[in-house]
K.L.:
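Encoded as structure tokens, here's the structure I'll be asking about.
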There are 2 protein chains.
Amino acid sequence: MVRENQASWGLSIQAIHRLPYYLQYLRQLAQQGTETISAPAVAAHFQLSEIQVRKDFAAVSTNAGKPRSGFPVHGLIRDMEQFLGYGNMNEAVLVGAGSLGQALMCYGGFTDYGLEIIAAFDCDPAKIGTEIHGKHILPADKITDLCRRMKVPMGIITVPASQAQLICNALVEGGVRGIWNFAPVHLSAPEHVLVQNENMAASLALLSKHLFRDTGEE
Amino acid sequence: MVRENQASWGLSIQAIHRLPYYLQYLRQLAQQGTETISAPAVAAHFQLSEIQVRKDFAAVSTNAGKPRSGFPVHGLIRDMEQFLGYGNMNEAVLVGAGSLGQALMCYGGFTDYGLEIIAAFDCDPAKIGTEIHGKHILPADKITDLCRRMKVPMGIITVPASQAQLICNALVEGGVRGIWNFAPVHLSAPEHVLVQNENMAASLALLSKHLFRDTGEE
DNA sequence: TAGATTGTTAATCGATTAACAATC
DNA sequence: TAGATTGTTAATCGATTAACAATC
């Protein structure tokens with residue numbers, strides 16, 4: 001379900017998924033006062049190969065490593081933060097103020113990643129007009145208009161699967177260019193709109209298979 | 001950050017991530033009364049190649065397709081549900097009753113995937129003893145004991161990154177064999193414990209890069 | 001029958017890993 | 001210096017795609 005554009009950054013999608021974990025570790029090292037870190041040390045921590053770590057570092061960072069000592073921790077942190085686009089500020093609207101949607105609105109952690117939820121929508125008349133985490137819930141039929149007026153670049157979809165495509169259309173109509181989709185459904189969107197799926201169903205399936213494998217067979 | 005065991009099912013991890021979307025679509029078709037569906041039709045809907053769809057279907061389903069008509073929708077649904085382990089019931093404890101943790105507790109959708117959160121823990125004395133969604137919040141130092149006594153197979157981690165490894169250790173100590181980790185940090189766990197990371201930071205980074213790419217260059 | 005669709009076997013593509021010279 | 005570590009170039013591995021005979 002991942003579409004397009006992975007090629008353009010010199011890093012595979014898989015590699016990009018490793019970066020936030022590298023960054024967290026490097027920050028931890030920095031906090032402990034560690035100045036440099038070697039690829040083999042990082043690899044050991046993550047149970048990856050040292051070559052993979054070196055390749056990943058080389059792809060996002062201009063900070064060359066030095067034989068014997070390794071890579072400068074602070075330099076790597078800076079380059080990774082920049083590559084990951086932390087610091088970039090992205091405004092988003094959220095659609096679907098159910099339990100998951102409310103949680104994302106309340107969750108403070110996203111500001112670290114430069115995400116700010118500036119408005120929320122719902123279809124339920126009982127929710128419209130109420131406030132969650134200091135933000136009014138607006139009626140869903142205002143999505144297109146508000147996104148267009150405020151030039152909102154991003155939408156977060158936390159509605160049930162059956163409504164997700166309609167909401168997606170409304171967001172696209174409003175000029176949104178990125179969609180973070182929590183509904184377990186494929187969304188059709190124009191080429192220039194990136195749909196990023198948060199696939200919790202697959203995570204749970206993998207866990208379930210693992211748990212039942214040990215008891216089931218062999 | 002994905003470890004071990006992908007080989008054992010004849011499906012790549014990427015393929016498994018496609019399954020929940022197939023399943024949702026097939027259920028939708030079934031509801032509309034559609035009896036059979038062809039691989040090219042499914043491929044068109046998801047913007048995938050028809051060969052990939054056929055390979056995926058063949059890997060999870062014994063329901064053979066018929067030339068001209070395609071695959072039986074109901075048969076595919078049954079086989080996919082079984083493969084994904086829906087129907088299997090998994091009990092889990094959740095650690096970290098912050099906004100994200102609370103949302104996961106309240107979110108009803110997980111029961112569809114066979115997940116039941118039977119207890120929640122937190123370190124914050126202000127939260128301990130309170131009730132969320134009908135469940136008492138227990139003190140974190142009881143994790144190991146309760147997991148062991150109740151033979152809980154799975155833990156969900158929604159604590160801050162700095163505490164995640166400690167919580168992970170407590171869960172493993174208690175005999176948990178699967179961990180769903182929402183903290184943006186790599187967890188070390190024994191071979192037999194599957195750590196499934198929910199990598200929201202990477203999703204946001206990909207969205208952020210996409211949004212800034214269009215404005216930035218070219 | 002004709003043609004759409006299947007399933008299988010081979011080819012391609014991309015990511016990871018291995019080999020190794022360079023260097024602090 | 002010796003040896004750990006880097007960065008690069010080549011080899012391997014796995015997933016996706018292409019080719020094509022079989023079939024309803």
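A note on names: the letters A, B, ... follow the listed sequences, proteins ahead of strands, and every chain is numbered from 1.
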K.L.:
Can you check the A:E50 CD to C:dA18 P distance for me, whole Å?
P.N.:
10 Å
K.L.:
If only atom types and distance count, is the side chain of B:K209 paired as donor or acceptor with the main-chain N or O of A:F83 below 3.5 Å?
P.N.:
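Between the backbone of A:F83 and the side chain of B:K209 there is a qualifying donor-acceptor contact (under 3.5 Å).
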K.L.:
Show the nearest heavy-atom pair for residues B:A201 and A:Y86, with the distance to one decimal.
P.N.:
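Distance-wise, the nearest heavy atoms are CB-OH, 3.6 Å.
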K.L.:
Which of these nucleotides, D:dT6, C:dT6, D:dT16, is closest to any side-chain atom of B:S12?
P.N.:
D:dT16
K.L.:
Classify the ring geometry between A:F182 and A:W180 as parallel (under 30°), tilted (30 to 60°) or perpendicular (over 60°).
P.N.:
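Ring orientation of A:F182 relative to A:W180: tilted.
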K.L.:
From C:dT17, D:dT16, D:dT6, pick the nucleotide closest to the side chain of A:F71?
P.N.:
D:dT6
K.L.:
Between D:dT16 atom P and B:I13 atom CD1, what is the distance in whole Å?
P.N.:
12 Å
K.L.:
What is the minimum heavy-atom distance between B:I16 and A:A202, and which atoms define it?
P.N.:
O-CB, 4.3 Å
K.L.:
Using a 4.0 Å heavy-atom cut-off across all strands, classify A:A15 as base, sugar-phosphate, or nothing.
P.N.:
nothing
K.L.:
For C:dG7, does OP1 or OP2 lie under 4.0 Å from any side-chain N or O of B:R54?
P.N.:
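For C:dG7, OP1/OP2 do not have a side-chain N/O of B:R54 under 4.0 Å.
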K.L.:
Between A:D56 (CG) and C:dA15 (P), how many Å, whole number?
P.N.:
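Distance, rounded to whole Å: 11 Å.
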K.L.:
Which heavy atom of B:Q24 sits nearest to which heavy atom of A:A161, and what is that distance?
P.N.:
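Minimum heavy-atom contact is NE2-CB, 3.8 Å.
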K.L.:
Between the base of C:dT17 and the side chain of A:K55, is there a donor and acceptor pair under 3.5 angstrom?
P.N.:
yes
K.L.:
Are the aromatic rings of B:H186 and A:Y21 close, with centres under 6.0 Å apart?
P.N.:
no
K.L.:
Within the 4.0 Å heavy-atom criterion, would you say A:Q14 contacts the bases, only the backbone, or no part of the nucleic acid?
P.N.:
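Counting heavy atoms under 4.0 Å across all strands, the contact made by A:Q14 is with sugar-phosphate only.
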K.L.:
If you assign each of B:R68 and A:R68 to its closest nucleotide in DNA chain C, which residue comes earlier from the 5' end?
P.N.:
B:R68
K.L.:
Which nucleotide sits closest to the side chain of A:A39: D:dT6, C:dA15, D:dT16?
P.N.:
D:dT6
K.L.:
Counting the benzene-type ring for Trp, do A:F57 and A:F71 have ring centres under 6.0 Å apart?
P.N.:
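Distance test on ring centres: under 6.0 Å, yes.
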K.L.:
Closest approach to the side chain of B:K66, judged atom by atom: which nucleotide of D:dC24, D:dT6, C:dC24 is it?
P.N.:
D:dC24
K.L.:
So which one's nearest nucleotide on DNA chain C is more toward 5', A:P67 or B:N63?
P.N.:
B:N63
K.L.:
Let me know the distance between CD1 of B:I51 and C1' of C:dT5, rounded to the nearest Å.
P.N.:
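Rounding to the nearest Å, CD1 of B:I51 and C1' of C:dT5 are 12 Å apart.
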K.L.:
Over how many whole Å does the gap from A:Q52 atom CD to D:dG7 atom P extend?
P.N.:
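Taking CD of A:Q52 and P of D:dG7, I get 16 Å after rounding.
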K.L.:
Figure out the NE2/P separation between A:H17 and C:dT16, and round it to whole Å.
P.N.:
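Between P of C:dT16 and NE2 of A:H17: 12 Å.
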K.L.:
When Watson-Crick pairs (N1 to N3 and N6-O4 or O6-N4) and G-U wobble pairs (N1-O2 and O6-N3) count only below 3.5 Å on both distances, what is the dot-bracket string of DNA chain D, with | for other-strand pairs?
P.N.:
..||||||||||||||||||||||
